[in-house]
Amino acid sequence: QVQLVESGGGLVRAGGSLRLSCAASGRTFSWYRMGWFRQAPGKEREFVAAISRSDGITYYTDSVKGRFTISRDNAKNSVYLQMNSLKPEDTAVYYCAADWSPDSSRPTPIIGDYDYWGQGTQVTVSS
């Protein structure tokens, strides 16, 4: 089992940047595929980015490609989301998620694949 705690959200103007962090408990962090999702008011939770267990393969939703970068540091049990050129439509609560996956390293965008979720961190982008 793993517990996830996000941080780094806040209020930023359009065009600005934020870096989200997600700290995971436990000693088997490298066996988890990791992802970031977001949920805007009145909308369903949606996929943002995912990263493989250890070889750095990443996957992004089209709307953030070229602006967001997901990374992880297994030695620090952490995953990050660097968000640049932020837009008002990026406003949402951002969630870190973990998928226990000893059999597959490839990142997954499927929300149902993820077993554990953080409490979320608010990102607000003003115009």
Side-chain angles (χ1 to χ4, degrees):
Q1 191 170 354
V2 64
Q3 292 183 324
L4 306 172
V5 179
E6 303 98 333
S7 61
L11 173 64
V12 64
R13 290 188 176 183
S17 298
L18 283 174
R19 187 184 191 224
L20 305 184
S21 298
C22 174
S25 64
R27 297 180 294 175
T28 57
F29 179 70
S30 62
W31 288 101
Y32 289 88
R33 299 187 291 186
M34 300 298 296
W36 286 97
F37 291 77
R38 65 187 180 188
Q39 187 167 17
K43 294 187 177 181
E44 293 187 352
R45 193 170 298 187
E46 65 173 2
F47 169 75
V48 176
I51 189 166
S52 60
R53 294 202 320 252
S54 59
D55 53 7
I57 298 173
T58 57
Y59 185 67
Y60 300 92
T61 192
D62 286 345
S63 63
V64 308
K65 284 180 181 177
R67 300 189 299 122
F68 290 11
T69 302
I70 187 172
S71 61
R72 68 188 293 166
D73 186 337
N74 287 345
K76 295 183 178 180
N77 280 15
S78 294
V79 63
Y80 309 98
L81 186 67
Q82 177 66 44
M83 304 186 295
N84 299 328
S85 302
L86 282 161
K87 305 175 181 180
E89 52 263 44
D90 294 318
T91 295
V93 177
Y94 283 71
Y95 296 91
C96 172
D99 169 37
W100 171 255
S101 183
D103 298 326
S104 176
S105 178
R106 297 187 63 82
T108 174
I110 302 172
I111 193 170
D113 284 344
Y114 290 87
D115 308 301
Y116 303 98
W117 295 82
Q119 82 289 349
T121 186
Q122 177 70 47
V123 171
T124 302
V125 184
S126 63
S127 57

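In what follows, every heavy atom counts, from backbone to side chain, and hydrogens, waters and symmetry copies are set aside.
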[X] pairs by side-chain contact (heavy atoms from CB on, under 4.5 Å) with which of [options]?
X: Met34; options: Thr108, Leu81, Leu4, Asn74; answer: Leu4
X: Phe47; options: Ile110, Ile111, Thr61; answer: Thr61
X: Ile70; options: Val64, Ile51, Val48, Leu20; answer: Ile51

Ignoring hydrogens and angles, tell me if any N or O in the side chain of [X] forms a donor-acceptor pair with the backbone of [Y] under 3.5 Å.
X: Thr121; Y: Ser7; result: no
X: Ser25; Y: Gln3; result: yes
X: Tyr80; Y: Thr69; result: no
X: Ser101; Y: Asp99; result: no
X: Glu6; Y: Gly120; result: yes

Any chance you could measure [X], atom [atom1], to [Y], atom [atom2], to the nearest 0.5 Å?
X: Ser52; Y: Arg106; atom1: OG; atom2: CZ; result: 8.5 Å
X: Asn77; Y: Cys22; atom1: CG; atom2: SG; result: 10.0 Å
X: Trp117; Y: Arg45; atom1: CH2; atom2: CZ; result: 5.0 Å

Side chains of [X] and [Y]: does their closest heavy-atom pair fall under 4.5 Å?
X: Ser71; Y: Gln82; answer: no
X: Trp100; Y: Thr28; answer: yes
X: Val12; Y: Met83; answer: no
X: Thr91; Y: Gln122; answer: yes
X: Pro88; Y: Ser127; answer: yes
X: Arg13; Y: Ser126; answer: yes
X: Phe68; Y: Trp36; answer: no

Checklist entry - Do the numbers put Arg72 on top of the ring of Phe29, so that NZ or CZ is under 6.0 Å from the six-membered ring centre and no more than 45° off the axis? => result yes
Joint hydrophobic cluster, [X] plus [Y], side-chain heavy atoms closer than 4.5 Å:
X: Val79; Y: Tyr32; answer: yes
X: Tyr94; Y: Tyr114; answer: no
X: Leu18; Y: Tyr60; answer: yes

Checklist entry - What's the shortest heavy-atom distance between Gly118 and Tyr95, and which atoms? => result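 The pair with the smallest heavy-atom distance is O-CD2, 3.6 Å.
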Item to check | Residues, nucleotides or ligands: over 12 heavy atoms within 6.0 Å of Tyr116 OH | outcome: yes
Item to check | Pair Arg38-Glu46, side-chain contact (heavy atoms from CB on, under 4.5 Å): steps then yes or no | outcome: CA-CA 5 Å; Arg38 65 187 180 188; Glu46 65 173 2; 2.7 Å; yes
Item to check | Pairing of Lys87 and Asp90 as salt bridge, 4.0 angstrom limit | outcome: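 No, no charged N to carboxylate O under 4.0 Å.
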